[in-house]
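A short write-up of the structure that comes next.
Computed from heavy atoms alone, side chains included, the values below leave out hydrogens, waters and symmetry copies.
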Amino acid sequence: MPSTRTARGHVTTLTDALETELRRADIIQRERVDGLMEQFSDTNVTLYNDYKNARKLIDLGGGGSGGGSTPPPGNTPPPPV
């Protein structure tokens, strides 16, 4: 079925483009926005702290390339049976 193969190829292309754009967004966030927020560290402490807290990443181990991720405290899985 050529249409199915074409659709799968299109999805792969879009997924690759999405990954690239997400990496670019992360770079902009890290190199520009994070630096701009520093101006509020003294004048608007609540905004600054809320931003910093929102930027903390919590690795829930739900995807990606694997590797042994540790769940956050309080979310420990049950012991193996």
Side-chain angles (χ1 to χ4, degrees):
M1 296 190 133
S3 62
T4 303
R5 287 185 186 167
T6 303
R8 285 184 183 164
H10 188 64
V11 167
T12 300
T13 300
L14 292 175
T15 301
D16 291 345
L18 179 61
E19 290 173 6
T20 299
E21 292 304 315
L22 288 173
R23 274 191 229 103
R24 285 184 56 206
D26 285 342
I27 290 168
I28 291 169
Q29 181 80 35
R30 221 177 18 254
E31 293 181 359
R32 294 184 185 176
V33 180
D34 287 352
L36 290 171
M37 288 304 294
E38 292 301 319
Q39 65 186 316
F40 298 106
S41 64
D42 293 328
T43 59
N44 195 336
V45 177
T46 301
L47 172 69
Y48 179 78
N49 288 334
D50 287 347
Y51 177 80
K52 287 293 194 178
N53 288 330
R55 291 283 287 136
K56 291 178 184 174
L57 300 179
I58 299 173
D59 182 8
L60 299 177
S65 61
S69 63
T70 305
N75 291 337
T76 55
V81 178

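Other residues, nucleotides and ligands contribute over 12 non-hydrogen atoms within 6.0 Å of the CG atom of D16.
H10 NE2 to T15 OG1: the interatomic distance, rounded to the nearest 0.5 Å, is 10.0 Å. The structure places OG1 of T4 at 6.5 Å from CZ of R8, a figure rounded to the nearest 0.5 Å. In this structure, the separation between CG on L18 and OG1 on T13 is 12.5 Å, given to the nearest 0.5 Å.
Annotation: side chain of R55 is not in contact with side chain of K52 (no heavy-atom distance under 4.5 Å).
A distance-only check finds a donor-acceptor pair linking the side chain of Q39 to the backbone of L36 [under 3.5 Å].
For M37 against Y48, the heavy-atom pair with the smallest separation is O-CD1, 3.3 Å.
Cluster annotation: I28 is not connected to Y51 through the hydrophobic network of ILVMFWY side chains, with a link wherever side-chain heavy atoms come within less than 4.5 Å.
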